[in-house]
Every structure is written in structure tokens, then in C-alpha cells.
Enquirer: 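The structure that follows is given in the form of C-alpha cells.
Note: hydrogens, waters and symmetry copies are ignored here, and every other heavy atom, side chains too, is used. In what follows, chains carry the letters A, B, and so on, assigned in the order in which the sequence lines appear, proteins first and then strands, with residues in each chain numbered from 1. In this text, all values refer to a predicted model and were calculated from it rather than measured experimentally.
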Amino acid sequence: MAKAFGIINSSANHINIEGMQKYRPIGAFPFTGKYRVIDFPLSNMSNSDIDRILVYVRENPRSLTEHIRTAGNYNINSKRGHIQVLFAESNSASDIYNTDISVFMENLSIIERLSFPYVVIAPNYMVFTQDFDALLQQHVESGADITLLYHRTNEAKERFLLSDYLKLNRQKGVEGIERNRGTAKERDIFMDTYVMSRQLFIDLVHKAVDYSSICNLCQIVAMSCRDLDIRGVAHRGYFAALTDFKSYFDANLELLDPAVQCQLFSPQWPIYTDTSDFCPTHYFAGASAKNSIIANGCVIRGNVENSIIGRGVVIDEGVTIKNSLIQAHAHIGKGIHLEYQVIDKWAEVLHVDEIIGSPDNPGYVKREDII
Amino acid sequence: MAKAFGIINSSANHINIEGMQKYRPIGAFPFTGKYRVIDFPLSNMSNSDIDRILVYVRENPRSLTEHIRTAGNYNINSKRGHIQVLFAESNSASDIYNTDISVFMENLSIIERLSFPYVVIAPNYMVFTQDFDALLQQHVESGADITLLYHRTNEAKERFLLSDYLKLNRQKGVEGIERNRGTAKERDIFMDTYVMSRQLFIDLVHKAVDYSSICNLCQIVAMSCRDLDIRGVAHRGYFAALTDFKSYFDANLELLDPAVQCQLFSPQWPIYTDTSDFCPTHYFAGASAKNSIIANGCVIRGNVENSIIGRGVVIDEGVTIKNSLIQAHAHIGKGIHLEYQVIDKWAEVLHVDEIIGSPDNPGYVKREDII
Amino acid sequence: MQNNMLAMILAGGRGSRLKDLTTRVAKPAVHYGGKYRIIDFPLSNCANSGIDVVGVLTQYESVLLNSYVAAGRRWGLDSRDSGVYVLPPREKADADLDVYRGTADAISQNIDFIDTYDPEYLLILSGDHIYKMDYSEMLNFHKQRNADATIAVIPVPIEEASRFGIMNADAEGMILEFEEKPEKPKSNLASMGIYIFNWKLLRKMLIEDMVNPDSSHDFGKDIIPTMLANDKRLFAYKFQGYWKDVGTIDSLWEANMDLLDEGNALNLRDGSWTIYTEDIGALPQYLGPNAEIDRAYITEACKIDGLVRNSVLFSGAEVATGAKVIDSVLMPNVKVEEGAVVTRALVASDVIVEAGTTVGSAKSTNITLVAADVKEEE
Amino acid sequence: MQNNMLAMILAGGRGSRLKDLTTRVAKPAVHYGGKYRIIDFPLSNCANSGIDVVGVLTQYESVLLNSYVAAGRRWGLDSRDSGVYVLPPREKADADLDVYRGTADAISQNIDFIDTYDPEYLLILSGDHIYKMDYSEMLNFHKQRNADATIAVIPVPIEEASRFGIMNADAEGMILEFEEKPEKPKSNLASMGIYIFNWKLLRKMLIEDMVNPDSSHDFGKDIIPTMLANDKRLFAYKFQGYWKDVGTIDSLWEANMDLLDEGNALNLRDGSWTIYTEDIGALPQYLGPNAEIDRAYITEACKIDGLVRNSVLFSGAEVATGAKVIDSVLMPNVKVEEGAVVTRALVASDVIVEAGTTVGSAKSTNITLVAADVKEEE
């Protein structure tokens with residue numbers, strides 16, 4: 001049993017995925033057809049024997065609360081373990097007050113009653129796998145006050161532009177945390193993942209509140225680089241930060257590569273999600289599907305290529321779908337041609353001939369819209 | 001299987017139980033030591049074979065969401081049935097916009113996808129038992145558009161002053177719904193419980209929105225008395241409306257009477273709640289307990305009389321507790337004397353000699369306070 | 001118990017005509033329809049009909065079946081007072097350990113279990129049929145008729161009626177006569193092996209039957225005839241819809257193929273009567289750049305880069321580049337390697353059809369069962 | 001499986017020294033501590049130790065025990081990949097239905113079940129002991145010692161050691177010798193019947209043991225001695241804390257009475273190691289205007305309007321006005337009517353002690369077991 005409880009943190013308010021985020025937090029976004037983004041941090045924790053998990057939901061709690069309500073789906077003992085949602089309960093005058101620190105402060109008595117010596121904090125808008133138990137062990141053995149997880153990239157000029165990076169010294173000591181402004185090719189992108197003792201976490205929450213009413217966790221940690229022993233640990237494997245519409249779109253389609261699939265999905269590290277109880281997908285005569293990931297419960301009479309199709313989607317005769325994400329329960333009517341589109345849940349695309357986006361500018365059809 | 005889905009509605013914003021409601025909605029208030037108020041409407045629905053239930057939570061969703069997260073605790077098939085929480089997702093400029101109708105409107109697509117022909121709506125701040133399946137059958141057979149449940153009282157001058165009453169004609173037709181202003185002894189107090197077709201419900205939601213942005217369900221039904229066939233059905237048995245601090249206090253202590261206990265709790269109509277897994281209560285030498293309801297997990301070394309003690313309470317030597325509600329996990333230190341008090345959850349009463357309230361003015365110690 | 005009816009599923013059948021598919025698992029645990037097992041159907045029907053407690057009577061080689069049904073959460077049968085209980089034969093204070101002697105004996109030996117729940121009605125089901133049925137409507141029928149027992153029946157072609165237990169009923173549905181596999185059937189209403197009994201009456205009859213040396217302790221052969229002989233009120237409840245007893249390899253293949261039809265009557269996609277099953281944690285199906293799909297029923301965790309035509313693929317089945325699967329059923333985790341061709345075959349779980357090999361034939365009358373790895377001949 | 005260890009609980013014991021308490025239920029299902037059953041302890045220990053899959057080997061008169069443990073949600077053992085599986089003896093393709101011949105045979109007959117989960121370690125537990133233990137720490141010990149098997153031991157008074165299986169171990173805990181009930185014990189470390197084995201090794205040994213005609217197929221008598229004879233690395237894991245085998249009415253009464261002590265070592269109130277059990281839906285305990293309570297352990301659904309002193313009351317027990325319950329244990333739903341007096345007794349479930357009667361005596365050496373209603377003599 002891990003000696004840590006887990007916190008799944010919400011993205012800060014500078015991150016916004018246009019369109020889709022209006023309806024649910026990023027953690028509740030679909031990913032590769034049947035998963036949701038939060039399934040990755042939750043499965044990482046469950047597989048690391050962390051079974052007491054607090055999930056901070058900044059806004060629109062319904063879909064996320066629904067999705068994660070059964071700890072048993074994540075293979076967590078339902079008596080011993082528990083996934084608990086922390087809401088922003090006090091409606092603040094302005095969204096800038098709506099920070100992770102303010103919610104931790106509101107729920108501090110819960111955190112104080114947890115008897116675990118350590119806490120592992122992971123974000124709800126990044127996709128990766130990581131053994132947190134190994135990370136915790138490394139943290140304890142190193143003697144560091146805080147351990148941060150980072151991912152080294154040489155694409156920092158084009159990607160991760162809304163993320164922070166760690167300024168590391170040669171001993172992997174963190175000397176600062178700064179926004180990646182695309183000024184260098186190589187960066188150690190901070191994965192918003194922290195390991196520290198519960199007591200230090202509580203102290204930092206108090207310190208942040210004393211410092212400023214809108215200070216968030218990342219800021220208070222960044223400010224503590226001089227006073228504390230903060231170290232970086234490198235992550236290996238697939239990593240995606242979903243920080244805007246395009247990064248979300250690209251990260252999904254990247255998974256069409258079997259080599260990438262293997263990086264994220266392995267039998268030794270299962271990713272859990274809720275059960276859908278959908279029947280298998282039914283392909284009729286005349287259907288075709290190539291280089292695509294297709295979830296269960298679909299009815300496919302048209303043609304699908306380089307796309308990801310969610311659960312229960314209906315694709316009529318003569319349809320052509322290329323390079324698109326079709327979310328659950330959407331319906332694409334006869335003969336329609338879609339390229340580079342994200343069709344949101346329950347949308348019905350019936351009364352158009354074609355919608356063609358581009359790799360740089362994929363289109364979006366709203367949830368429950370009929371067009 | 002009932003042909004209805006259920007909605008558990010929140011109290012409207014004119015109802016406020018000072019102190020306790022700051023921390024949780026009335027539905028999450030403890031009742032008779034181990035239950036919460038919402039256990040009663042939920043169990044009524046479950047026992048009536050209503051297994052698809054929407055719960056509207058107006059404010060402070062955490063404790064209620066936690067409490068009801070496992071439909072299985074309420075004996076509801078977890079695949080076929082589902083308890084779904086509806087939050088007020090759009091933060092409105094002012095609390096007056098925070099109405100049941102606005103939340104039903106926001107979630108109308110969910111309601112429209114439910115295939116049940118009828119809906120049963122019950123409140124989260126009233127305690128009673130009622131077979132909703134029988135009520136539904138009565139509704140269908142009567143041919144009425146809407147059926148409302150009421151409780152006849154001859155104490156309307158002193159009680160139910162924040163509730164509405166039904167103006168009934170001789171055929172039990174509802175001619176109006178008005179606030180009980182204590183001007184008459186006998187009143188048919190409206191129990192905020194409705195049966196109607198799903199389609200009429202959806203129509204009423206639209207009608208209310210068109211009429212006024214702050215119109216609530218009760219108001220739109222009241223306004224429809226002339227146009228629709230609305231009928232009252234009388235409720236028999238125990239009934240409490242928890243609308244202010246005193247009514248909450250009194251309703252709890254009323255349950256110390258075994259005759260009242262039998263009215264509310266019968267083996268044929270079980271009331272479900274979540275499991276606590278607390279061990280039995282341990283009475284040490286010198287303890288005494290009379291005319292009291294005491295939940296599990298307590299450690300009692302002092303004296304308890306005419307009181308209700310929640311789970312996990314610790315009562316030290318020499319303590320005297322009379323006519324009080326001690327909520328879960330509270331701790332009453334050595335020698336302290338309490339009368340007519342509500343001690344909220346996790347509070348520690350340690351540094352006073354006595355706190356004495358009166359039947360008309362019971363005292364309150366805040367959640368997690370140390371005094 | 002929501003409607004005061006407890007269900008008992010007879011799941012002890014060996015299903016020996018299913019050959020190698022049932023050497024390690026009992027027939028109710030056999031896979032069907034891409035992701036299901038046969039017993040998912042009665043269990044999901046129970047869940048959807050508001051039945052809370054289900055006893056599953058197992059006997060032969062049942063470790064897999066036992067573990068499978070014990071996870072009641074799959075069918076939502078894990079709420080406070082509900083559950084799926086596995087009931088194999090057991091030793092008692094007054095009786096030695098012995099196998100169930102017949103369908104009725106299996107119930108008799110579990111009277112103590114049933115009594116714990118004190119049900120008014122007992123629903124008896126078979127664990128090896130594929131169908132969707134609302135047992136609560138059958139119970140309403142039973143109550144309205146004030147019946148002692150109600151038996152679900154399905155019309156069969158009269159020329160096949162002699163293979164079934166046939167009910168001769170009057171216009172109201174009251175059963176006048178029951179004939180087990182009659183040579184000259186008087187009606188085409190075949191028993192589906194689904195019974196509702198008033199528990200008190202059945203309990204009494206079972207106790208008498210247990211000590212009757214002439215009884216074979218079977219519902220069809222002993223209990224029902226005795227009830228009729230005693231002028232009990234027995235009614236036939238007519239079922240409309242898809243119903244299949246998949247007793248042979250051919251009929252199992254056929255039942256799978258039925259799913260490919262436009263508007264097939266079983267309609268597994270109907271959200272108002274979901275068939276629940278085991279959850280598998282894997283990626284959705286992935287179709288590679290060379291995949292060709294034409295009429296297929298494919299589920300999660302399949303990987304396809306070859307041709308799949310007119311076939312049903314179960315969880316984890318893989319069809320490699322250039323391989324062909326035609327008119328076939330691939331059970332879980334079957335691998336069809338590069339260039340291999342599978343035609344008119346039912347390939348059992350975990351079998352590997354090696355690169356370049358060919359199994360089955362478009363011309364064969366019967367379906368080829370492939371129960372072991374297919375290797376290239378040298 | 002979180003730590004790659006599967007647990008098997010041996011729950012087949014008749015517990016015949018518990019007399020009338022076990023005529024209808026197996027010993028592991030006997031009530032203890034106001035609201036628990038004995039088997040809640042190993043099951044909760046498993047849940048709290050991060051074990052996901054538990055097999056419960058039942059045999060005798062187990063319908064109640066089977067239904068009880070099958071509801072895995074009580075111990076949170078109902079998540080995606082976890083479960084509590086009831087494993088009575090069963091018929092197989094190659095073997096007739098037969099009872100378990102010994103503790104080791106019970107495991108041998110379920111090798112196929114265990115293989116499904118492919119565990120690295122197998123934890124074997126007894127279903128009838130009361131204690132709290134973190135098996136994950138025992139597993140850590142086992143791994144650190146690179147052991148083939150680890151046996152949990154508890155120090156017993158040396159004069160009682162000859163009643164137990166005694167381990168003679170070196171300073172590191174390596175077991176040099178095992179003696180079953182030795183006349184002249186060389187150590188006071190008694191086996192608690194808790195074993196961790198490396199599954200691969202145990203599997204091999206069990207297969208050999210199954211066909212050994214001289215074996216009694218028992219862990220203590222056969223498997224452990226054979227392992228020692230083969231120079232396997234066996235270690236003794238010393239347990240500190242409350243541990244009780246409640247084999248007799250007196251010891252069951254005593255174990256209940258232990259709960260009344262200030263700071264008793266079992267500490268059921270410790271939230272970091274909760275013992276989970278069945279949930280009963282009822283009002284909390286109600287104490288009437290005439291209730292007198294002095295040293296008592298009382299649970300939900302009790303109704304008391306008389307005197308309760310130095311006693312443990314189980315769910316639904318009632319003590320009417322003027323009745324007295326002293327130094328006694330009232331099992332579930334016992335009713336002590338007006339003016340009746342119960343002293344130094346253990347009253348079995350559902351028994352009614354009628355108004356005005358007296359049972360038990362303050363002077364008796366043994367505890368009086370009251371297993372049938374007590375009526376006033378005429």
C-alpha cells in the first residue's frame with residue numbers, strides 16, 4: 001500500500017480548450033474513443049496503490065462527477081479507498097479567485113484527517129502513464145522536499161506553449177518554474193505533478209493564502225525554489241498536454257499510430273474507465289474503415305479514415321470522414337463529407353454537404369447541435 | 001418497475017436553517033443519529049421501484065454528492081438505475097436566479113432522453129414515507145394532469161409557517177397554492193411532491209422560463225391551477241418540514257417517542273443510508289443513557305438523556321447532556337453540561353462548563369469548532 | 001426484493017454437443033455475440049426486470065462460470081439487498097455431498113437458500129438460451145391469471161414441435177396437457193424452460209418429489225405432470241421475439257451470424273434493455289491502413305489489418321495484414337496471421353491460425369470448429 | 001492484483017465445540033463483537049492489506065456462509081478486478097464430486113481457480129480467528145527473507161504450547177523444526193495457520209501431495225514437514241497483538257467480554273484498520289426512560305429499557321423494562337422480556353427469554369449457552 005494519498009488537480013484558468021470546455025472540464029474530455037482524460041491520472045494512481053484520491057473540479061462538475069463516481073471501476077477497493085470530488089463551493093466574485101489553493105484551503109480539514117504521510121498531485125489535463133509509487137520511493141530516498149515530474153522535449157518552440165518548464169541545475173535541482181514562451185528548442189516541460197509530504201503541502205497552502213488570494217500551487221512552489229530542496233525527475237514515454245483545441249485534436253490523432261498506442265497502453269499498466277455496456281460495432285455492406293480507432297456501439301454504413309469514433313456513433317450511407325474526432329452518440333447523416341473536424345457528443349450533422357477543416361485549423365461542431 | 005423517473009428537489013431559497021445550512025444542503029443534514037434527510041425521499045423512491053433519480057443540489061454539493069454516490073446503498077440496481085446529481089452549473093449573478101427551473105432547463109436534454117412517461121418530484125427537506133408507486137397509480141387512474149401530496153394539520157397556526165398549503169375544493173381539486181401565514185388552524189400543507197407526465201413537466205419548465213427568469217416549479221404549478229386538472233392526495237403518517245433551526249431540532253427529538261419511531265420506520269418500508277462501518281458503542285462504568293437514540297462508534301463515559309447522539313461521538317466522564325443533538329464525531333470534554341444544544345459535526349466542546357439553551361431557543365455549536 | 005420474486009438459473013448443463021468449446025467451461029459460459037457469454041442474457045433480463053436476487057445452480061467444471069457470475073456488479077446485482085449466488089451441490093448436516101439429480105432436485109437441495117429470502121414467487125430459468133424477456137410482465141400475467149405456475153412458451157414450426165416439450169392450452173392460456181417430445185404434437189407451443197411458481201406450493205411439491213423413488217426429479221418430466229394431474233392452474237405465457245438454444249456448433253455460428261442482419265430481432269443496441277457483461281480494459285478496435293471491412297460485428301480490442309467479411313469478431317481477435325476472415329466467428333483472442341484464410345469456421349478462444357494457412361471452406365455443409373492452433377504443414 | 005498475492009480462506013470447519021451455535025452455520029459465520037461475524041476479520045484484513053481476490057473454501061452446511069461472503073461489496077472487494085469467490089468442492093471432467101480431504105487438498109482442488117489469476121504469492125488463512133493483521137507487511141518480510149514459505153506465529157504461554165503447532169526458529173526467524181502439539185515444546189511460537197507460499201513451488205508440491213497415498217493432505221502435517229525435509233527456506237513471522245481462536249462457548253464469551261476493557265488490544269474503533277461487516281438497516285440503538293447501562297458494548301437496532309451490565313448486545317437485541325442482563329452476551333435479535341434475568345450466559349440468535357424467567361448464574365464455572373427459548377415453568 002502506498003503511503004500517499006492523491007490529488008488530481010484542475011487546469012489553471014489560463015488554459016481553455018475552446019468549444020468543448022464550455023460543457024465539461026478537460027478531465028472529462030473523451031480521449032481515444034472510449035477513455036476520458038482523467039482516466040489516465042486515476043489509473044496511474046490506482047496502479048500505484050494510491051486508493052484515496054481527491055479530485056478538484058473547478059467548473060461544470062456534472063460530467064466529471066458522473067464519470068468517476070464508482071471507485072470500483074478504477075479497481076480501487078470501495079471500502080478502503082475513495083475518490084472524493086472537491087468543488088469550488090464558495091462562489092467567488094471573480095474567476096481569478098477560483099484557484100486550486102482556495103479549494104484546498106476550504107477542504108483542509110479533510111486533508112488534515114487523512115493519515116498518509118505523503119501526497120502525490122497530478123493534473124487532469126495531461127495524458128501520460130507514470131508509476132507514482134516508484135516516484136514516491138525515489139522522492140523519499142532522495143531526501144528532497146518536493147519532487148516534480150518533467151518531460152524533456154526538443155519541440156518546445158512549437159509545442160507546450162501554455163505549459164511551464166523547470167529550470168534545472170546539474171543535480172536536477174529546480175531553480176525556477178517558468179512559462180515556456182517558445183524561445184528555446186529544448187525544454188524540460190513541467191508535468192504539473194508533485195510529490196511532497198502532507199505536512200509540507202498543508203504549509204504551502206497556508207503560505208500561498210497568506211501571500212495572495214489568487215496564488216496557485218504552481219506559483220507557491222516556484223517561489224519556494226530557494227528555500228526548499230526541489231528536484232526534477234524525468235518522465236519517459238508518451239506525454240501530451242491538452243492546453244488548447246489544436247493540442248487536444250493532435251494528441252488524439254497521434255494515437256492512430258500503433259507504436260504510440262503501445263507507449264500509452266500496456267497490459268502491465270491498464271487504463272480503467274467506466275463501463276459503457278455498448279454492444280459491438282456493426283459494419284454494414286458498403287462500410288469501410290481504415291487507420292481508425294472505433295469504439296463500441298457504432299453503426300457504420302459509410303467510410304472512415306484516419307479518425308477516432310466514440311461510442312454509439314451512427315454513420316450513414318455514403319458518408320466520408322477523414323482526420324476527424326467524432327464524439328459519442330453523434331450522428332452523421334447520408335452522404336456528408338467531413339475532414340479535420342471535432343463533432344461533439346450528441347451532435348447531429350444532417351443538413352450540410354461537407355465541412356472541411358485543415359490540419360492547422362480543425363473545425364468544431366457543438367454538443368447536441370443539429371446542423 | 002415503476003413507469004416514472006424521480007427528481008429530488010432542493011428547498012427554495014426562502015428556506016434557511018441557520019448555522020448548519022452554511023455547511024451542507026438540508027438534504028445532507030443528519031436525522032435520528034445515523035440517517036440524512038435525503039435518505040427518506042431516496043428510500044421512498046427505491047422502495048417504489050423508481051430507480052432512475054435526478055437530485056438537484058442548489059449549493060454546497062460536496063457532502064450530499066458524497067453521501068448518495070453509491071446507488072447500491074439505496075438498493076438500486078447499479079446498471080439499470082442511477083442517482084444523478086444536477087448542479088447549478090452556470091454561476092448566476094444573484095442567488096435569486098438559482099432556481100429549480102433553471103437547473104431543469106440546463107439539464108433538459110438529459111430529461112428528454114429518459115424514456116419514462118411519468119415523473120415523481122419530492123423535496124430534499126421534508127421527512128416522511130410514501131409509496132410513490134401507489135401515488136403514481138392513483139394519479140394515472142384519476143386522469144388528473146398533476147397530483148400533489150399534502151398533509152392535513154390542525155397546528156397550522158404554529159407550525160409549517162414557511163410552507164405552502166393547498167386550497168382544495170370538495171373533489172380534492174387544487175384551486176391554489178399559497179404560503180401558510182398561520183391565519184388558520186387547519187391547513188392542507190403542500191409536501192412539495194408532484195406526479196405528472198414527463199411531457200407536462202417539460203412543458204411547465206419551458207412555460208416557467210418564458211414567464212420569468214426567477215420562477216420556480218411550485219409557482220408555475222400554482223399559476224396553472226385554472227388551466228390544468230390538479231388534484232391533491234392526502235398523506236398519512238409522520239411528516240416533518242425542516243424549514244428553520246427550531247423545526248429541525250424539534251423533528252429530531254420527536255423521534256425519541258417509540259410510537260413516532262414506528263410511524264417512520266417499519267420493516268416493510270426500509271430506510272437506507274450509506275454504511276458507516278463503525279463498531280458498536282462502548283459504555284464505560286459510570287456512563288448512563290436514558291430516552292435517547294445513540295448511533296454506533298460512540299465512546300460514552302458520561303450521562304445522556306433525551307438526546308440524539310450521532311456516529312463516533314466521544315462523551316467524557318462527568319458530562320451531562322440533555323435534550324440535545326450531538327452530531328457525528330463531536331467530542332464533549334470532562335464534566336461539561338449541555339442542554340438544548342445542537343453540536344455540529346467534528347466540533348469539540350472542551351473549554352466551557354455548561355451551555356444551556358431552552359426549548360424555544362436551542363443553541364448551536366459550529367462544525368469543527370473548538371470551544 | 002422489489003417484486004417479491006427470486007430467480008434461480010439452472011446452469012449445470014455440460015453442453016457436450018458444443019464439443020471442444022465446453023471441455024473447460026460450462027455451456028452457459030460459452031461466448032456469444034462478440035463480447036457476451038450466454039448466461040449474460042438471463043442475468044441481464046433479471047436485472048432489467050427488477051429482480052434483485054439470483055441463484056445460479058452450477059455443477060460441472062464450473063470454476064470459470066462460478067467466478068464469472070459471482071461478480072454481480074456486472075449486471076448491477078450488487079446493491080444492498082441483491083446478489084448473484086453460486087449454488088453448487090453441498091454437504092449438509094443430514095445429507096452427504098452429492099450431485100444434483102435433476103432440475104427439480106437442484107432447486108430442492110437449495111430450499112434453505114430460497115427460504116432465507118422468503119419470496120412469494122420463484123422464477124426458474126435456463127442458463128443457456130439467448131433472448132431478451134421482461135420477467136416482470138410474465139409475473140403480471142401469472143398474477144392476473146391467479147396461476148399456480150406459468151410456463152413461457154414460444155411458437156415453433158409444427159414440423160419441429162416433436163423435438164420440444166409441447167403445451168396444449170385453451171384460449172385463455174390455461175394448460176390442459178403437457179407432452180415431452182410428442183410424436184404427434186397437438187400444438188406448436190414449445191416450453192422455453194422458463195417457469196414462475198408460487199413458492200409455497202412448489203416447496204411442498206419438491207419436498208414430496210425428493211423422496212419419491214419413481215421420480216427423476218425433473219421439472220418437465222415430474223413436477224409439471226404432477227401439477228397437471230392435481231388440477232393445478234398452469235398457464236402458458238406466449239413469448240414473441242428472438243429466442244435461440246445454441247446447442248450445436250452450427251446453431252452457435254448461426255446465432256452469431258444473425259447479428260449481421262439489418263434489424264435483427266435481438267437488437268443488442270437497444271438502450272432500454274441492455275445486455276450487461278464483463279468489462280474488458282483495452283483500446284477500442286483498431287483498423288489498420290489495409291483493413292477491409294464488409295458486413296461485420298466487431299468489438300473492443302480487435303486489431304484488423306486484413307479483410308473481414310460477413311463475420312463476428314470477439315474481444316481481442318486479430319486479423320493481420322493480408323489475412324482473410326469470411327463467413328466466420330473468431331472467439332476471444334484468436335489471431336489470424338498474415339495471409340491466412342478462414343472461411344465458414346468458428347475459431348475457439350486463443351487459437352492461432354498461422355501465417356499462410358487455410359481453414360474451413362465455403363463449400364462445407366457444416367461449420368468447421370477450429371479448437372487448436374493451425375500450423376502450416378511441412 | 002495490487003501486490004500479486006491471492007488469498008484463500010479455509011472456512012470449512014464445523015466448529016462442533018461451539019455446539020448449537022454451529023448446527024446451522026459454519027464456524028466462520030458465527031457472530032462476534034456485537035455486529036460482526038468471525039470471517040469479517042480475515043476478509044477485512046485482506047481488504048485493508050490491498051489484496052483484491054479472495055477465495056473462500058467452504059464445505060459443511062455453508063449456504064449462509066456462502067451467501068454472506070459472496071457479497072464482496074461489504075469488504076470493498078467488488079472493484080473491477082477483485083472479488084470474493086466461494087469455492088466448495090466440485091465435479092470436474094477428470095474427477096468425481098468429493099469433499100475436501102484436508103487443508104492442502106482444499107487448495108489442490110482449486111489450482112485451476114488460482115491459476116486464472118497467476119499470482120506470485122499465495123496467502124492461506126483460517127476463517128475462524130479474531131485478529132487484525134497487515135498481510136502486506138508479512139509479504140514484505142517474506143520477500144526480504146527470500147523465503148519459500150512464511151508462517152505467522154504468536155508467542156503463547158510455554159505451559160500451553162503443547163496444544164499448538166510449535167515452530168523452532170533461529171535468530172533470523174528461519175524455521176528449523178516444526179512440531180505439531182509437542183509434548184515437550186522447545187519454543188513458545190505457535191503457528192497461527194497463516195501461510196505465505198511462493199505459488200509456483202507450492203503448486204508443484206500440492207500436485208505431488210495429491211497422489212501421495214500416505215499423505216493426509218494437510219498443511220501442518222504434510223506440506224510444511226515435507227518442505228522442511230527438502231531444505232526449503234521457511235520463516236516464522238512474529239505477530240504482536242490480539243489473536244483469539246474462539247473454539248468453545250467459554251472462549252467465545254470471553255473474546256466478547258474482552259471488548260469491554262479500557263484500551264483492549266483489538267481496538268475495533270481504529271479508523272485506520274476498520275473491520276467491515278454486513279450493513280443492517282435499522283434505527284440506531286434506543287435506550288428507554290428506564291434504561292440502566294453500566295459497562296456495555298451495544299450496537300444498532302438494540303432496544304433497552306432494563307439493566308445491562310458488563311455485557312455485549314448484538315444487533316436487534318432487546319431488554320425490556322425491568323429485565324436484567326449481567327455478564328452476558330446477547331446474540332442478534334434476542335429478546336429478554338420484562339423482569340427476566342440473564343447472568344453469565346451466551347444467548348443464541350433469536351432466542352426469547354420470557355418474562356420473569358432466569359437463566360445462567362453468577363456462580364457457574366462455565367458460561368451457560370442458551371440456544372432455545374426460555375419459558376416459565378408451570
Side-chain angles (χ1 to χ4, degrees), chain B residues 1-6 34-36 39 42-53 67-84 109-118 131-134 136-137 140 198 266-277, chain C residues 1-7 35-36 39-54 69 71-84 117-121 123 132-141 143 267-279:
Chain B
M1 313 290 284
K3 293 186 181 333
F5 70 101
K34 70 179 262 197
Y35 295 98
R36 305 228 192 189
D39 293 335
L42 276 176
S43 301
N44 286 340
M45 290 195 178
S46 171
N47 290 334
S48 306
D49 289 357
I50 295 175
D51 55 14
R52 189 73 171 80
I53 303 169
H67 181 71
I68 64 179
R69 71 184 192 285
T70 312
N73 283 339
Y74 294 95
N75 217 29
I76 288 173
N77 180 298
S78 56
K79 287 284 183 182
R80 183 80 187 163
H82 186 17
I83 300 175
Q84 186 166 13
S109 58
I110 291 174
I111 292 165
E112 281 171 338
R113 280 196 292 268
L114 294 173
S115 53
F116 301 90
Y118 296 99
D131 182 341
F132 289 137
D133 201 34
L136 173 61
Q137 217 165 312
V140 173
R198 188 180 58 121
S266 101
Q268 282 73 49
W269 198 261
I271 305 301
Y272 309 109
T273 189
D274 68 345
T275 0
S276 73
D277 297 308
Chain C
M1 208 170 330
Q2 291 198 331
N3 43 27
N4 211 8
M5 181 160 75
L6 184 137
K35 59 182 284 196
Y36 307 94
I39 200 164
D40 287 330
F41 288 83
L43 282 169
S44 300
N45 287 339
C46 284
N48 289 330
S49 302
I51 292 169
D52 289 345
V53 178
V54 182
V69 303
R73 72 190 292 268
R74 289 181 182 137
W75 307 278
L77 293 166
D78 61 341
S79 74
R80 204 179 169 290
D81 296 337
S82 74
V84 181
Y117 295 93
D118 191 26
E120 198 162 342
Y121 305 101
L123 171 67
K132 298 199 292 193
M133 183 171 174
D134 187 342
Y135 306 129
S136 71
E137 292 194 359
M138 180 168 166
L139 179 61
N140 284 344
F141 173 96
K143 285 181 189 168
N267 190 10
L268 292 172
R269 204 167 175 269
D270 173 14
S272 73
W273 202 269
T274 303
I275 302 303
Y276 311 109
T277 185
E278 185 174 18
D279 188 26

Enquirer: Of all residues at least two apart in sequence or in a different chain, which pass the side chain to side chain contact (heavy atoms under 4.5 Å, CB included) check with C:Ser272?
Expert: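 Scan of C:Ser272 (side chain to side chain contact (heavy atoms under 4.5 Å, CB included), adjacent residues dropped) gives C:Asp270.
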Enquirer: Can C:Trp273 and C:Ser49 be said to form a side-chain contact (heavy atoms from CB on, under 4.5 Å), step by step?
Expert: CA-CA 9 Å; C:Trp273 202 269; C:Ser49 302; 3.6 Å; yes
Enquirer: Find out whether C:Asp134 and C:Asn48 are in side-chain contact, i.e. whether some heavy atom of one side chain is under 4.5 Å from a heavy atom of the other.
Expert: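 No, every pair of side-chain atoms sits at 4.5 Å or beyond.
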Enquirer: Report yes if some heavy atom in the side chain of B:Lys34 is under 4.5 Å from a heavy atom in the side chain of B:Thr273; otherwise report no.
Expert: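 Heavy-atom side-chain distance check passes, below 4.5 Å.
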Enquirer: Which residues, numbered in order, of residues 72-79 of chain C come under 4.5 angstrom of chain B by heavy-atom distance?
Expert: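 Listed by number, the contacting residues are C:Arg73, C:Arg74, C:Trp75, C:Gly76, C:Leu77, C:Asp78, C:Ser79.
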Enquirer: Applying side chain to side chain donor-acceptor pair (under 3.5 Å) to B:Asp51 and B:Tyr74, what does each step give before you reach the verdict?
Expert: CA-CA 9 Å; B:Asp51 55 14; B:Tyr74 294 95; over 6 Å; no
Enquirer: Quick one: sort the B:Phe116 and B:Phe5 rings into parallel, tilted or perpendicular, breaks at 30° and 60°.
Expert: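 Tilted, since the angle between the ring planes falls between 30° and 60°.
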